[in-house]
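Report on the structure given below.
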Amino acid sequence: MSASKRVLVTGGAGFLGSHLCERFLADGLDVICMDNLITGDLANIEHLMGDPKFTFHHQDVTHFIHVPGQLDYILHFASPASPIDYLELPIQTMKVGSLGTHKALGLAREKNARFLLASTSEVYGDPLIHPQREDYWGNVNPVGPRGCYDEAKRFAEAITMAYHRYHGVATRIVRIFNTYGPRMRLNDGRVLPAFMSQALRGEDLTVFGDGSQTRSFCYVDDLVEGLVRLLHSDEVDPTNIGNPHEMTIRQFGEAILRLTGSTSKFVEKPLPVDDPKIRQPDIAKARRVLGWEPVVSLEEGLQRTCDYFRDKLGLR
Ligand code: UDP
């Protein structure tokens with residue numbers, strides 16, 4: 001019998017990383033989770049700690065990383081990823097996107113491992129093309145407050161392609177659109193944890209601007225399925241993974257109010273600088289190449305997420 005495949009997930013104690021670790025364990029792989037825990041949380045992986053196929057390395061991926069033994073896959077998910085996080089941690093955000101991606105690619109080259117980069121819809125900035133297709137180059141303000149994240153991820157994509165072209169590393173790039181689900185951090189400032197905790201506590205929902213800006217929200221299980229399919233595909237160029245079901249932020253808030261049965265009202269707050277006005281993934285490529293599309297409805301996904309937040313807030 002051949003030994004299990006081994007996978008390294010950087011940022012493995014984060015929201016998406018922890019779901020990936022879980023998925024790979026379920027698929028029978030040996031999983032090494034690396035995280036410096038600046039935005040990740042051990043509570044996200046506590047339930048995996050007793051599994052002999054799971055190892056946790058408390059390490060910063062921007063420094064030299066050493067992992068003994070063979071590695072078949074590296075998924076580079078380490079990065080602050082919510083607007084509040086990267087506003088508070090702009091230097092770490094730039095370092096992990098640049099130096100961290102370089103280190104993770106070096107390790108992939110050394111181990112002859114397949115590498116998957118977590119990129120983002122933020123590479124499209126405040127888009128002038130709608131919905132966003134992978135061949136759109138984006139409209140990013142490099143010197144605005146979001147520039148540290150957007151440009152770090154654009155650099156990460158560029159160095160990933162350089163390692164592919166120059167060193168022949170097998171690389172994959174996913175552009176992740178807004179994703180939600182259990183294990184989002186309560187206070188990460190993103191719209192879902194904000195609205196959900198406000199609705200559950202009977203507080204006003206803080207809408208930034210007039211709430212007419214749009215987003216398209218993907219449930220985490222759908223996203224993970226898309227990522228795993230991309231990893232096992234031959235697609236080197238960036239691929240959008242997200243849910244094309246677009247809505248305004250107000251409509252999203254209304255869906256959360258309906259689901260929680262809350263009578264909270266909306267209160268408007270200033271719109272953050274460079275907040276994209278519209279966002280919707282064009283997933284024609286993922287449908288064609290990966291045979292993938294989201295299957296979890298907004299109601300179903302919000303219900304599962306709400307159960308998690310009720311527990312976190314001690315409301316059950
Ligand atoms: N937003 C909001 N209220 C909040 C948090 C966010 O209205 O309490 C808005 C934010 O301005 C943006 C959208 O919701 O237009 C999504 O924000 P999020 O931070 O979740 O992610 P983004 O898509 O901006 O990266």
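As the structure lists them, so they are numbered: ligands from 1, and atoms in each ligand from 1.
A donor and an acceptor atom, one from each side chain of His245 and Gln280, are nowhere located under 3.5 Å apart. No hydrogens or angles considered: nothing links the side chains of Ser119 and Arg175 as a donor-acceptor pair under 3.5 Å. No side-chain donor from either of Lys277 and Thr214 sits under 3.5 Å from a side-chain acceptor of the other.
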As a test of reading the model: which N/O atoms of the protein lie under 3.5 Å from N/O atoms of ligand 1, and at what distance?
| unit_1 | atom_1 | unit_2 | atom_2 | d |
| --- | --- | --- | --- | --- |
| ligand 1 | 3 (N) | Thr206 | O | 2.6 |
| ligand 1 | 7 (O) | Phe208 | N | 2.8 |
| ligand 1 | 8 (O) | Thr206 | O | 3.3 |
| ligand 1 | 8 (O) | Thr206 | OG1 | 3.0 |
| ligand 1 | 11 (O) | Asp275 | OD2 | 2.6 |
| ligand 1 | 15 (O) | Gln213 | NE2 | 3.0 |
| ligand 1 | 15 (O) | Arg215 | NH2 | 3.3 |
| ligand 1 | 15 (O) | Asp275 | OD1 | 2.6 |
| ligand 1 | 15 (O) | Asp275 | OD2 | 3.4 |
| ligand 1 | 20 (O) | Val191 | N | 2.8 |
| ligand 1 | 23 (O) | Asn178 | ND2 | 2.9 |
| ligand 1 | 23 (O) | Arg215 | NE | 2.6 |
| ligand 1 | 23 (O) | Arg279 | NH1 | 2.7 |
| ligand 1 | 24 (O) | Arg146 | NH2 | 3.0 |
| ligand 1 | 24 (O) | Arg215 | NH2 | 3.1 |
| ligand 1 | 25 (O) | Arg146 | NH2 | 3.1 |

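The heavy-atom pair separating Leu71 from Val7 by the smallest distance is CD2-C, 4.3 Å.
Residues Asn187 and Pro193 form no side-chain contact, since every pair of their non-hydrogen atoms from C-beta on lies 4.5 Å or further apart.
Applying the side-chain hydrogen bond (donor to acceptor under 3.5 Å, both in side chains) test to residues at least two apart or on different chains, the pairs with a partner in residues 73-91 are Thr10-His76, His76-Thr101, Ser82-Asp85, Asp85-Arg185.
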